[in-house]
Amino acid sequence: DAFIDTDPHKISWSRGLKQELRKGRRHDFGEGRLAVSMYRPFCKQWLYVHRVFIEEMSKMPRLFPDESARNQAIVVTGRGASKDFSALMVDVIPNLDLQDKGQVFPRYHYTSDATGRPIREDAVTDGALRVFRERYGNTVTKDDIFYYVYGALHEPTYRRRFADDLRKSLPRIPLAEKPEDFW
């Protein structure tokens with residue numbers, strides 16, 4: 001630790017990164033690895049996306065594989081959070097501490113074709129689409145469902161009614177009683 005510069009504005013030294021240094025491994029900088037991320041609510045910053053420099057990548061490469069892959073995600077406080085429940089929508093890679101014990105629910109996820117090019121797939125299932133269309137009409141789209149979920153997470157009655165549950169488990173979204181309430 002005495003050898004390295006611990007200024008967090010330059011780099012955050014993880015245990016794995018220190019091991020890379022001890023082993024004398026070099027990693028070249030690649031501008032193509034820079035991505036905008038959401039570090040804290042309403043605070044974007046540059047992130048260097050490389051498995052060596054990010055201790056836990058989680059599923060982020062499947063949600064935001066590169067700058068051409070457009071996506072949105074709902075980030076909520078997770079199970080056992082010490083803070084009150086909250087939900088934010090992001091369109092860039094979220095830091096999992098963006099929300100206390102953050103959980104991420106994407107609009108899309110990505111796989112790769114044989115050439116490594118990202119292929120976008122719906123995260124809203126066909127089964128969910130069927131349920132919502134049966135209840136609210138055939139014009140409902142998967143985007144409508146995604147935004148309905150985000151709206152429901154902000155609805156004051158929902159948040160009061162399920163406050164205790166939202167501290168202990170991931171949110172469950174009730175179906176609106178009347179079609180006009182869905183829209």
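None of these values were measured; they are calculated from a predicted model. Below, each value reflects all heavy atoms present in this structure, side chains not excepted, and no hydrogens, waters or symmetry copies.
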Steps toward side chain to side chain contact (heavy atoms under 4.5 Å, CB included) verdict (Phe162, Phe85): CA-CA 10 Å; Phe162 297 105; Phe85 178 82; over 6 Å; no

Under the side chain to side chain donor-acceptor pair (under 3.5 Å) criterion, do Thr115 and Asp113 qualify, and how do the steps go? CA-CA 5 Å; Thr115 66; Asp113 65 11; 2.7 Å; yes

Hey, mind stepping through Ile11 and Ile4 against side chain to side chain contact (heavy atoms under 4.5 Å, CB included) and telling me if it holds? CA-CA 10 Å; Ile11 192 164; Ile4 60 175; over 6 Å; no

Would you please test Arg62 and Tyr110 for side chain to side chain contact (heavy atoms under 4.5 Å, CB included) and show each step? CA-CA 5 Å; Arg62 291 196 63 213; Tyr110 288 83; 5.6 Å; no

Yes or no on side chain to side chain contact (heavy atoms under 4.5 Å, CB included) for Phe146 and Met89, after CA distance, side-chain angles and deciding distance? CA-CA 11 Å; Phe146 183 74; Met89 188 179 297; 3.7 Å; yes

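Annotation: side chain of Phe182 is in contact with side chain of Asp144 (closest heavy-atom distance under 4.5 Å).
With a 6.0 Å radius and a threshold of 12 heavy atoms from other residues, nucleotides or ligands, Arg117 has its CZ atom at or below the threshold. In this structure, Arg161 places its CZ atom where only 12 or fewer heavy-atom neighbours from other residues, nucleotides or ligands lie under 6.0 Å away. No more than 12 heavy atoms of other residues, nucleotides or ligands shown are found within 6.0 angstrom of CG on Asp84. Within a 6.0 Å radius of CD in Glu177, no more than 12 heavy atoms belonging to other residues, nucleotides or ligands are found.
Ring pair His50/Phe53 is perpendicular by interplanar angle, where above 60° counts as perpendicular and below 30° as parallel. Ring pair Tyr48/Phe29 is parallel by interplanar angle, where below 30° counts as parallel and above 60° as perpendicular.
Cluster membership for Ile54 and Val104, using ILVMFWY side-chain heavy atoms within less than 4.5 angstrom, is shared.
The only member of Lys142, Arg107, Gln72 that meets side-chain hydrogen bond (donor to acceptor under 3.5 Å, both in side chains) when paired with Tyr147 is Gln72.
The minimum heavy-atom distance linking Ser37 with Leu47 is given by the pair OG-CB, 3.7 Å.
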